[in-house]
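Just below is one structure, and these are the notes that go with it.
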Amino acid sequence: HIVRDSDETLILPSEFARSRIAVTEKPQAVIGREAVVRTENVKARTRWAVVDADQIRTSFDQGYPAELQPRATDRAASEFRIGQVANKLDPHLMGESALAADGSPILRPDMVSLTRNHGTAALRRVYASNPEKAAEYRRFVEQKAGELGLKVPEGIGKPVLVRVLDEEMSPERLVQFTREANAASAAVMSAPERAAADADRLRTDLLDTLDPNADMDAPSNRSFVRAF
C-alpha cells in the first residue's frame with residue numbers, strides 16, 4: 001500500500017506508479033509531488049518518494065536488469081567509488097536536481113534503480129557502519145521530505161529520498177534514458193564495458209547508414225555518427 005500523509009498535503013501518484021509500486025515486507029513508499037528530470041535527449045516525469053534503502057534494487061544486487069547498466073559492478077573501481085561516496089557523503093548532493101544524473105536516485109516503480117547506484121550502495125554502507133553520517137543524512141531526508149509534502153513513515157529504518165518514474169516508457173527509451181543518465185556520472189566504464197555498451201547500440205538499422213568506404217568524418221557518415 002502507499003502511505004499518505006493527508007489528502008491536503010499529498011499529491012497521489014498516477015495509476016502507472018500506483019499500480020506497480022513494489023510490494024515488500026517493509027513499509028511502502030510515500031509518494032509525493034511531481035519532478036521532471038532530463039538527460040541529453042530524454043525528459044521523464046517522476047514523483048518524489050521516501051523508501052527504505054533495502055527496498056531498492058541496484059546494479060550491485062542479484063536480478064538487476066543487465067540491459068539498464070552494462071557495467072561490471074564487482075570491479076575494484078566500483079568498490080573504491082562507493083567507499084569514496086560513503087566517506088565524503090554530502091546529503092545535499094542526493095537531493096533535488098533537474099538532471100537525471102544528479103540528485104536523488106531515480107527508480108522504476110518496482111524499485112529497480114535507474115541512476116545513482118553507487119550513491120545508493122554508499123548510503124547502505126553509511127547506514128550500516130557510520131551512525132553519525134547516517135543520522136546527518138536522515139535529518140536531511142526528513143527536512144527535504146517535509147519541504148516536498150512528505151514525511152518518513154514509521155517502520156522505515158533506512159530512509160532514502162528518491163524519485164520514482166511516473167510515466168510509461170518503451171523498453172528502448174527506458175534504456176536510452178538510463179544509459180544517458182549514467183554516462184554523465186562520475187563512475188567511468190572500463191574499456192571492455194564501454195565496448196559492450198557500444199556493441200549494444202550498433203543496431204542493424206544503424207549499421208545500414210554506415211559508409212564503410214569513407215572516413216568517419218565524411219559527409220556520407222554524418223547520419224551514422226549523429227545517431228551513434
Side-chain angles (χ1 to χ4, degrees), residues 13-14 16-17 19-24 29 35-47 49 51 53-82 85 97 99-124 160 162-210 223-228:
S14 69
F16 172 65
S19 63
R20 292 165 175 79
I21 206 75
V23 176
T24 71
V36 176
V37 297
R38 61 180 176 83
T39 63
E40 183 179 359
N41 298 295
V42 182
K43 282 188 177 181
R45 187 175 64 252
T46 69
R47 286 187 181 273
V51 303
D54 291 338
Q55 286 181 279
I56 302 172
R57 178 176 292 178
T58 74
S59 57
F60 302 96
D61 299 324
Q62 280 192 327
Y64 185 85
E67 69 274 10
L68 292 180
Q69 189 171 336
R71 181 170 289 153
T73 53
D74 61 341
R75 291 184 308 144
S78 287
E79 179 64 24
F80 177 74
R81 173 64 177 163
I82 292 168
V85 175
S97 176
L99 300 179
D102 300 330
S104 63
I106 297 173
L107 315 180
R108 293 192 321 198
D110 61 357
M111 298 296 154
V112 167
S113 176
L114 303 178
T115 68
R116 304 307 305 268
N117 287 287
H118 288 80
T120 300
L123 285 174
R124 287 176 177 170
V160 179
V162 300
R163 293 164 289 183
V164 180
L165 193 66
D166 195 37
E167 63 178 79
E168 295 276 8
M169 277 191 183
S170 67
E172 295 78 14
R173 191 166 178 81
L174 183 62
V175 167
Q176 179 187 11
F177 172 79
T178 304
R179 292 191 178 179
E180 286 185 3
N182 286 292
S185 70
V188 179
M189 289 185 182
S190 65
E193 291 166 347
R194 171 55 62 192
D198 289 346
D200 283 345
R201 297 168 64 189
L202 288 174
R203 309 179 307 274
T204 301
D205 58 335
L206 179 58
L207 287 172
D208 287 343
T209 67
L210 175 65
S223 295
F224 173 84
V225 173
R226 188 180 301 113
F228 187 73

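Residue indices begin at 1 and follow the sequence shown.
Residues D102 and S97 approach most closely at CB-OG, 3.5 Å, considering heavy atoms. Residues L114 and R108 share a closest heavy-atom pair of CD2-CG, 3.7 Å. Between M111 and Q55, the shortest heavy-atom contact is CB-O, 3.3 Å.
When the side-chain hydrogen bond (donor to acceptor under 3.5 Å, both in side chains) test is applied to T178, no partner is found at least two apart in sequence or on another chain. In terms of the side-chain hydrogen bond (donor to acceptor under 3.5 Å, both in side chains) criterion, T46 has no residue partners (sequence neighbours excluded). With sequence neighbours excluded, the residues satisfying side chain to side chain contact (heavy atoms under 4.5 Å, CB included) with R173 are V42, M169, S170, Q176. The salt bridge (charged side-chain N to carboxylate O under 4.0 Å, His left out) search around R57 returns none, not counting sequence neighbours. Taking A100 as the reference, V37, T39, I106, F177, A181 meet the side chain to side chain contact (heavy atoms under 4.5 Å, CB included) condition, with sequence neighbours excluded. By the side-chain hydrogen bond (donor to acceptor under 3.5 Å, both in side chains) test, T120 is found to be paired with no residue, residues two or more places apart in sequence or in another chain being considered.
Taken from CD in E168 to CZ in R45, the straight-line distance is 10.0 Å, to the nearest 0.5 Å. Note that the CZ atom of F60 and the CD atom of E79 stand 8.5 Å from one another [nearest 0.5 Å]. Between the CD atom in E172 and the CD atom in E67 there is a gap of 10.5 Å [rounded to 0.5 Å].
Partner of L165 under the side-chain contact (heavy atoms from CB on, under 4.5 Å) criterion, out of L174, L107, D110: L174 alone. Each of I56, I82, V160 was evaluated against L123; a single residue qualifies, V160, per the side-chain contact (heavy atoms from CB on, under 4.5 Å) test.
Contact check for S104 versus R116: no side-chain heavy atoms found under the 4.5 Å cut-off.
A donor-acceptor contact shorter than 3.5 Å links the side chain of N117 to the backbone of S59. Judged purely by atom type and a 3.5 angstrom limit, R124 uses its side chain to pair as donor or acceptor with the backbone of A53.
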